[in-house]
Asks: 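Can you keep this structure in mind? I'll have questions shortly.
Whatever order the structure lists ligands and atoms in, that order sets their numbers, starting from 1. The basis for the numbers below is simple: all heavy atoms, side chains too, and nothing from hydrogens, waters or symmetry mates. Predicted, not measured: the structure shown is a model, and the values here were computed from it.
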Amino acid sequence: MRYYSLNRQSETVDFRAAAVAGQAPDGGLYFPESIPRLPTGFVAELPRLSPADIALTMLRPYVGDTIPAAELAGICAETVNFPLPVVPVTDRISALELFHGPTLAFKDVGARFMSRCLGYFSRHETRPVTVLVATSGDTGGAVASGFLGVPGVEVVILYPQGRVSPVQEQQLTARGQNIRALEVRGNFDDCQRLVKQAFRDDALRQRRRLTSANSINVARWLPQQVYYAVALSQWPHPAPPVVAVPSGNFGNLCAGLLAYASGLPVAHFVAACNQNDAVPRYLTSGRYAARPAVPTLSNAMDVGDPSNFGRILELFGHQYPVLRELLSGYTVSDADTTATIARVFRETGYVLEPHGAVAYFGLADYLRQHPEQRGIFLETAHPVKFPAAVEAATGQPVPVPAELADLMRQPKQSTLLEPEYDALRAYLWE
Ligand SMILES: *Cc1c(COP(=O)(O)O)cnc(C)c1O
């Protein structure tokens, strides 16, 4: 498989080069030259396949010969070595729980696959690699966990001071080993700006081999297809489900659309957003306009100009009518998010967190207008990652899972950083 840049000014590359570079030299996102079809019989066979087998079948064509088959099988097995259950919430709505991984968010799937691929690719390198990443909360934790203890890899995470939840902060700062956290006196945009500047700094890149771990990396994007098929493997009904995805940068939804384009049966997709709704606006108007991000309760989706929107357009040949048929957009306010958490808890006992609640709201609305259908929403994080919003809605404390209790007791280790490039450069130069 070759990958081309959506800006079309760079050479095509294989999976290895795309994963190591993260982004094409022309600044574009990498996109596969062809969309592989799922093998005949794969969908019928799903209920009998393990998540690891599903992952290997789906990802093998994308990786090509850059990783030997046996090695890739091991990477796939480790990528999905935690439960990905479909849990009924009402008679027509089920949750695909993606939060049973080590950092309790769906980003574990992409981060585990990417970290293992990069670990394989750097195995014969003599100089260590530095993975530099900016996070608004969940990405950094998943990347830190994915790379923890990987030899030859050092991880440097920039996060905005005071803008991440206590659990998120522990996941960034209390790992130790090869993980370093920089607490930036600024917001997420500052963190992202500093990281981008470091990648443009040739002298620094000569001194340290920098790699990006951000969500546009194909090695993080592509494995997210797998849990859509794992969900289908558990689906007990003959008609395919409507699938609702809480979306920010749209990597998750775009991976689901890619699986669909490869032949995975899905009745319809719901793109559920908070007030940051550039894509839902596009779906109703046919016009795309980025806007500055506004803060909401579902803060991992506070993205004004989603990076993966370009990939969605590319996947459907820039055919707005085709996309509109397959995909419905929803904009969900913070008030509706809180009310949904409260109502679902009252009526069913199920505890949503804000991102899942946004998707639930969109799905429930869509199903009201399509009474013959059933659906799955993606619950992308554990409620304990967003305890304030959940407790305010349910009136109940969120218990801390046992796996987390230990991490919460570890000392926080971070370095304060002014939001200026010279400060980051000096830190990395040492
Ligand atoms: C990152 C994140 C999202 C948004 O996913 P995208 O792929 O950026 O659309 C949704 N929910 C949670 C909990 C997240 O961490």
Asks: Using a threshold of 4.0 angstrom between heavy atoms of the protein and any atom of ligand 1, which residues qualify?
Replies: Phe106, Lys107, Asp138, Pro246, Ser247, Gly248, Asn249, Phe250, Gly251, Asn252, Ala300, Met301, His355, Thr380, Ala381
Asks: Should we say atom CZ of Phe121 is surrounded by more than 12 heavy atoms from elsewhere, each under 6.0 Å from it?
Replies: yes
Asks: Taking atom CE of Met301 and atom OG1 of Thr337, what is their separation to the nearest 0.5 Å?
Replies: 7.5 Å
Asks: Thinking salt bridges, do Asp108 and Arg112 make one under a 4.0 Å N-O criterion?
Replies: no
Asks: Can you label the angle between the Tyr366 ring and the His268 ring as parallel, tilted or perpendicular, going by 30° and 60°?
Replies: parallel
Asks: Inspect the contact between Glu169 and Lys412 and indicate whether a charged nitrogen and a carboxylate oxygen are less than 4.0 angstrom apart.
Replies: yes
Asks: What is the ring orientation for His355 with Phe386, classed by angle as parallel under 30°, tilted 30 to 60°, or perpendicular over 60°?
Replies: tilted
